[in-house]
Student: 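Take a look at the following structure, please.
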There are 2 protein chains.
Amino acid sequence: MENKMNIENTQSQMRRGILEFCILSVIRRGEAYPSDIVEEMKESKLQVLEGTLYPLLTRLKNAGMLTYRWVESNSGPPRKYFSLTEQGEAFYKQLEGTWNELANAVNKLKNKEESLKPVTEETAAQMPNQNPENEEQPQ
Amino acid sequence: MENKMNIENTQSQMRRGILEFCILSVIRRGEAYPSDIVEEMKESKLQVLEGTLYPLLTRLKNAGMLTYRWVESNSGPPRKYFSLTEQGEAFYKQLEGTWNELANAVNKLKNKEESLKPVTEETAAQMPNQNPENEEQPQ
DNA sequence: TACGGTACTTTGTAACACATAGTACTGTAT
DNA sequence: ATACAGTACTATGTGTTACAAAGTACCGTA
């Protein structure tokens, strides 16, 4: 009861589903190592944290979508540069299709007119209040 | 190891984040009861299942975003017709903003050119294979 | 009174982002 | 050399939530 439902949580839920797609999208444009990706995502207003990114990359690698190679850095330890495998490229294409369909569907849905449907009022009736919650009759 | 990473799962993850938004969007256009919503979502290529929808509606109701009233049906038990509260309307507006930003960011990201960045090859070097996974050097 | 349809509820499971803490390697200053 | 700070990667625990599946309750009809 008394649920909070803060907007940040819902927003992060929205990001969640497309993270994988976005990260593949970044890597697809050229080899990248994790901090690169975090940075690029932040620029694009799509926040990702380390604790999210690393497991995700590992998952994608184990699934055969990504490979990496070590590249030494002159400012710290070596880096894992990731790139898409052939399989990863195919997977990306599928996700792109999914994203396009989805975005399209959502936009259509939210722009639909305040159409018809004023509830057919079959017998808008008082039911026995068999549950204790708020039973207010809208207008 | 040998992760499966089936596309269906990822697709459902994508849907996941925007479900709440879509459902609010449907209800916003007029009172609706669960089966209505399932139907409308299916038409829009956005699958939702009962076991998902009911808890979601309850959550939104408990958070004060929705109310409902009972309406008798002539083809079965009475139905809960849901509608947005004032708070729910405000919440929806926020989510709409979030969605727009997000969709925008993703589209920009995925349409970015195969830009620059051929990895600065500082010292693309063979590192000691300190882990047993695949260390293949791309190309 | 039994039965099929519709509506709603409950419970368990798995996926996953996130927060946080920890390990390991690097170069630089003391 | 030794300590320290910065960077890169890893590991663990927690909370949220979609989904699956089974269950309960109400309705009209045979």
Side-chain angles (χ1 to χ4, degrees), chain A residues 3-23 32-39 41 46-63 68 70-82 122-123 125 127-128 130-131 133, chain B residues 3-23 32-39 41 46-63 68 70-82 122-123 125 127-128 130-131 133:
Chain A
N3 209 320
K4 260 180 298 203
M5 186 125 291
N6 54 336
I7 191 83
E8 289 84 12
N9 182 27
T10 307
Q11 289 174 332
S12 109
Q13 291 296 331
M14 275 198 188
R15 261 200 313 275
R16 179 183 180 135
I18 58 172
L19 260 189
E20 205 167 280
F21 173 56
C22 290
I23 283 161
Y33 81 106
S35 301
D36 267 351
I37 298 174
V38 169
E39 195 49 42
M41 296 286 280
L46 295 158
Q47 180 196 7
V48 212
L49 303 183
E50 278 202 329
T52 301
L53 183 58
Y54 281 98
L56 199 159
L57 290 173
T58 302
R59 192 158 23 98
L60 286 168
K61 195 212 65 178
N62 289 339
Y68 66 85
W70 288 101
V71 175
E72 288 184 7
S73 157
N74 48 20
S75 66
R79 300 161 173 176
K80 280 185 174 179
Y81 273 84
F82 286 88
E122 314 181 7
T123 30
M127 290 295 297
Q130 53 213 3
N131 52 359
E133 287 100 336
Chain B
N3 209 319
K4 259 181 296 199
M5 186 127 288
N6 53 336
I7 192 81
E8 289 84 12
N9 182 29
T10 306
Q11 290 174 333
S12 112
Q13 290 297 328
M14 275 198 188
R15 261 198 314 275
R16 179 183 180 135
I18 57 172
L19 259 190
E20 206 168 279
F21 173 56
C22 290
I23 284 162
Y33 81 105
S35 301
D36 267 351
I37 299 175
V38 169
E39 196 50 42
M41 296 286 280
L46 295 158
Q47 179 197 6
V48 212
L49 303 184
E50 277 202 329
T52 300
L53 184 57
Y54 282 98
L56 200 158
L57 291 172
T58 301
R59 191 157 24 98
L60 287 167
K61 195 213 66 183
N62 288 340
Y68 66 85
W70 289 101
V71 176
E72 287 184 8
S73 158
N74 47 20
S75 65
R79 302 160 173 178
K80 279 184 173 179
Y81 272 84
F82 286 88
E122 314 180 8
T123 29
M127 290 295 297
Q130 53 213 359
N131 53 356
E133 287 101 337

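A note on names: the letters A, B, ... follow the listed sequences, proteins ahead of strands, and every chain is numbered from 1.
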Student: According to a strict under-4.0 Å criterion, is B:Ser75 in side-chain N/O contact with OP1 or OP2 of C:dT6?
Tutor: no
Student: Could you give the CZ-to-C1' distance, from A:Phe82 to D:dA8, as a whole number of Å?
Tutor: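 The answer, rounded to whole Å, is 11 Å.
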Student: Any sub-3.5 Å donor-acceptor pair from B:Thr58's side-chain atoms to B:Tyr54's backbone N or O?
Tutor: yes
Student: Should B:Leu53 and B:Leu19 count as side-chain neighbours, where that means a heavy-atom distance under 4.5 Å?
Tutor: no
Student: When the aromatic ring centroids of B:Tyr68 and B:Phe82 are compared, is their separation below 6.0 Å?
Tutor: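 That pair passes the under 6.0 Å test.
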Student: Output the rounded distance in Å from CE (A:Met14) to P (D:dT16).
Tutor: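 Distance check: A:Met14 CE to D:dT16 P gives 18 Å.
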Student: Report the C-alpha separation of B:Met41 and B:Gln47 in whole Å, then their side-chain angles, then the decisive distance to 0.1 Å, and conclude whether the side-chain contact (heavy atoms from CB on, under 4.5 Å) test is met.
Tutor: CA-CA 6 Å; B:Met41 296 286 280; B:Gln47 179 197 6; over 6 Å; no
Student: Can you give one letter per nucleotide of nucleotides 15-23 of chain C, going 5' to 3': B for a protein heavy atom under 4.0 Å from the base, S for sugar-phosphate only, - for none?
Tutor: BBSBBB---
Student: Using whole Å, report how far CG of A:Leu57 lies from P of D:dT10.
Tutor: 10 Å
Student: So A:Pro34 and A:Glu50, do their side chains get closer than 4.5 Å, heavy atoms only?
Tutor: no
Student: Between A:Arg79 and A:Glu72, does at least one N-O distance fall below 4.0 Å, as a salt bridge requires?
Tutor: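 The answer is no: the pair does not qualify as a salt bridge.
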Student: Can you see if the side chain of B:Lys80 gets near the phosphate of D:dC26 - specifically, an N or O under 4.0 Å from OP1 or OP2?
Tutor: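 For D:dC26, neither OP1 nor OP2 has a side-chain N or O of B:Lys80 closer than 4.0 Å.
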Student: Could you tell me how far apart B:Ile37 (CD1) and C:dA7 (P) are, to the nearest whole angstrom?
Tutor: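 Distance, rounded to whole Å: 12 Å.
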Student: In this structure, how many angstroms lie between the P atom of D:dT17 and the CG atom of B:Leu53, rounded?
Tutor: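 It works out to 15 Å between those atoms.
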Student: Whether B:Tyr54 contacts C:dC8 is assessed here as follows: a side-chain N or O lying under 4.0 Å from the phosphate OP1 or OP2. Is that the case?
Tutor: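 For C:dC8, OP1/OP2 do have a side-chain N/O of B:Tyr54 under 4.0 Å.
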Student: What residues, two or more places apart in sequence or in another chain, satisfy side-chain contact (heavy atoms from CB on, under 4.5 Å) together with B:Ile7?
Tutor: A:Phe91, A:Gln94, A:Leu95, B:Gln11
Student: Would you mind reading off the distance between A:Asp36 atom CG and D:dT7 atom C1', rounded to a whole angstrom?
Tutor: 13 Å
Student: Roughly how many Å is it from OH in B:Tyr33 to P in D:dC27, rounded to a whole number?
Tutor: 15 Å
Student: Expressed in angstrom and rounded to an integer, what is the separation of A:Glu72 atom CD from D:dA8 atom P?
Tutor: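 Atom-to-atom, A:Glu72 to D:dA8, this comes out as 14 Å.
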